[in-house]
Number of protein chains: 2
Amino acid sequence: MSTTLLMRNRSLIIYGFSLALLMVLLKWLEWKFIITDHAVELYAGLIAAVFLGVGVWLTKKLSKPKQQTVYVDREIVVRPTDDFVFNDAEFSRLGLSRREVEVLQLIASGASNQQIADELYVSVNTVKTHTSRLFEKLNVKRRTQAVDMGKKLSIIP
Amino acid sequence: MSTTLLMRNRSLIIYGFSLALLMVLLKWLEWKFIITDHAVELYAGLIAAVFLGVGVWLTKKLSKPKQQTVYVDREIVVRPTDDFVFNDAEFSRLGLSRREVEVLQLIASGASNQQIADELYVSVNTVKTHTSRLFEKLNVKRRTQAVDMGKKLSIIP
DNA sequence: AATTCATTCATACTAAAGGGTGATTTTATT
DNA sequence: AATAAAATCACCCTTTAGTATGAATGAATT
């Protein structure tokens, strides 16, 4: 707000000063060419040229810039905090059971079969049968492979 | 391109026409006021005022609009196709060797120790020592845990 | 030259993982 | 109620993984 006011004041000052200067110029030209009487044409032309220039200069100086808003799309890479979406299609296609996926998650977290058994309140043998079925369905031989495949198929995050 | 040329032509035409009109005006004023000899001041003032106005008008008409570009950012969620950046800091902090990271990558891909050995042209025993050192440094007990940790620390993708 | 570090390999042992088979019990679903 | 799928468990056996220890080699560093 204060900046705008200052700018307007500055414009007014420039404008006033320019007008005063023009008056002086006009009087000087008048005094200079009044002696030689037949120089009226030249006088008029000079005045015309000068004031044309002044007009151009003043306008350029004082005219407000025409605002033209240009919208520029800037791509901002936003890393989604959780970009995992469970792949239901693969889950169905492979005919996996909930328990099997549960076991796979625990395997991926680095748990041993015993730890998985403790976590799920089942025996180690049960965990082993789950893993065996899981490996069959995922067509893998090792748990590390199962984890890799599970992640690739978006069955686990 | 053609639009720009047309605009320039239009500007030139307007400018030329304006100049011609000014000449006519100048001559007319000269003829009108040459009779009354003492009207030189009025003559000069009129010319000054007219040409000042013409200058302003011309400038406003012909000057290119001053562009004020306003940048508006629009967030676009971009999912990076490969958001993995190797964590050098963790790599150094843990004191890992290149070979150990190499082995970890192969483990993560689901390879067995024998497969890793074949891949790297070393014996299984060598792979085992690498994994043992790796597990020590990562403070884990199993390869699945190592993979999980490696991914969390951005040592492997 | 001495030292450190990464890499390599070996042997022996233990622990964990994985395969195969069979069986029982829930839990949905028709 | 009958059936199918899921989940549970056991036993045996094989394979793989992991631990511990020791040692040789080559490259880089002091």
Side-chain angles (χ1 to χ4, degrees), chain A residues 86-153 155-156, chain B residues 86-153 155-156:
Chain A
F86 182 76
N87 193 339
D88 251 309
E90 282 294 335
F91 174 76
S92 301
R93 189 180 69 82
L94 296 168
L96 296 172
S97 73
R98 291 177 193 175
R99 209 53 160 174
E100 282 158 4
V101 174
E102 215 172 345
V103 169
L104 181 56
Q105 285 176 329
L106 288 166
I107 286 175
S109 76
S112 67
N113 286 338
Q114 187 57 59
Q115 289 175 326
I116 296 170
D118 294 344
E119 182 79 25
L120 302 179
Y121 297 104
V122 293
S123 76
V124 189
N125 297 306
T126 306
V127 176
K128 284 189 175 184
T129 52
H130 284 317
T131 56
S132 285
R133 292 243 166 75
L134 186 64
F135 295 169
E136 273 182 40
K137 291 173 182 176
L138 289 177
N139 194 33
V140 296
K141 290 283 176 188
R142 274 171 297 283
R143 45 174 58 211
T144 46
Q145 262 187 301
V147 170
D148 192 48
M149 185 65 78
K151 283 176 183 288
K152 279 176 180 167
L153 299 179
I155 291 163
I156 51 170
Chain B
F86 183 75
N87 193 339
D88 251 309
E90 281 296 334
F91 174 76
S92 302
R93 190 181 67 81
L94 296 167
L96 296 171
S97 75
R98 292 176 193 174
R99 209 54 158 172
E100 282 158 5
V101 175
E102 216 172 345
V103 168
L104 181 57
Q105 284 175 331
L106 288 165
I107 287 175
S109 75
S112 68
N113 286 339
Q114 186 59 59
Q115 289 175 326
I116 295 170
D118 294 345
E119 182 80 23
L120 301 180
Y121 297 104
V122 293
S123 76
V124 189
N125 297 305
T126 306
V127 176
K128 283 190 178 186
T129 51
H130 284 319
T131 56
S132 284
R133 292 242 167 74
L134 185 65
F135 295 169
E136 272 182 42
K137 291 171 182 176
L138 289 177
N139 195 32
V140 297
K141 290 284 176 189
R142 275 171 297 281
R143 43 174 60 209
T144 46
Q145 263 187 299
V147 170
D148 192 48
M149 186 65 78
K151 283 177 182 287
K152 278 177 180 168
L153 299 178
I155 291 164
I156 50 169

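Proteins come first, then strands; the chains are lettered A, B, ... in the order of their sequence lines, and each starts at number 1. None of the values given here were measured: they were computed from a predicted structure. Side chains included, hydrogens not; waters and symmetry mates left out as well; all remaining heavy atoms used.
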Measure the distance from [atom1] on [X] to [atom2] on [N] and round it to the nearest whole Å.
X: B:Asp118; N: C:dC9; atom1: CG; atom2: P; value: 12 Å
X: B:Gln114; N: C:dA17; atom1: CD; atom2: P; value: 20 Å
X: B:Leu96; N: C:dC5; atom1: CG; atom2: P; value: 15 Å
X: A:Leu134; N: C:dG18; atom1: CG; atom2: P; value: 10 Å
X: A:Arg98; N: C:dT26; atom1: CZ; atom2: P; value: 18 Å
X: A:Gln115; N: C:dA16; atom1: CD; atom2: C1'; value: 11 Å
X: B:Arg142; N: C:dG18; atom1: CZ; atom2: C1'; value: 16 Å
X: A:Lys141; N: C:dA16; atom1: NZ; atom2: P; value: 23 Å

Both B:Thr131 and A:Gly95 contact DNA chain D. Which one's nearest nucleotide lies toward the 5' end?
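On the 5' side of the pair lies A:Gly95.
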Side chain of [X] only, heavy atoms from C-beta on: which candidate in [options] is closest?
X: A:Ser97; options: D:dT8, D:dA6, D:dT19; value: D:dA6
X: A:His130; options: D:dA6, D:dT8, C:dA6; value: D:dT8
X: A:Asn125; options: C:dG18, D:dC9, C:dT8; value: D:dC9
X: A:Phe135; options: D:dG18, C:dT8, C:dG18; value: C:dG18

Just call it for A:Thr126: base, sugar-phosphate, or nothing, with non-hydrogen atoms closer than 4.0 Å on any strand.
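Base contact.
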Heavy-atom donor-acceptor pair, A:Asn87 side chain to A:Ile155 backbone, under 3.5 Å:
no
Does the side chain of B:Leu94 reach to within under 4.5 Å of the side chain of B:Leu153, using non-hydrogen atoms?
yes
What I want to find out is whether A:Glu136 reaches A:Arg133 closely enough, with some N-O distance under 4.0 Å, to be called a salt bridge.
no
For A:Ser132 and B:Arg99, take the nucleotide of DNA chain C holding the closest heavy atom to each; which residue's nucleotide lies nearer the 5' end?
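Going by which nucleotide is closer to the 5' end, it is B:Arg99.
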When you match B:Lys128 and A:Arg133 each to their closest nucleotide on DNA chain C, which lands nearer the 5' end?
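Nearer the 5' end of the strand: B:Lys128.
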Within the pair [X] and [N], is there a side-chain N or O less than 4.0 Å away from OP1 or OP2?
X: B:Asn113; N: D:dA17; answer: yes
X: A:Ser123; N: D:dT8; answer: no
X: A:Arg143; N: C:dG18; answer: yes

How about B:Ser132 and B:Thr129: does a side-chain donor come under 3.5 Å of a side-chain acceptor?
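No pair is found: no donor N or O on one side chain lies under 3.5 Å from an acceptor on the other.
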Verdict with supporting geometry, A:Leu120 and A:Arg99, side-chain contact (heavy atoms from CB on, under 4.5 Å):
CA-CA 9 Å; A:Leu120 302 179; A:Arg99 209 53 160 174; 3.8 Å; yes
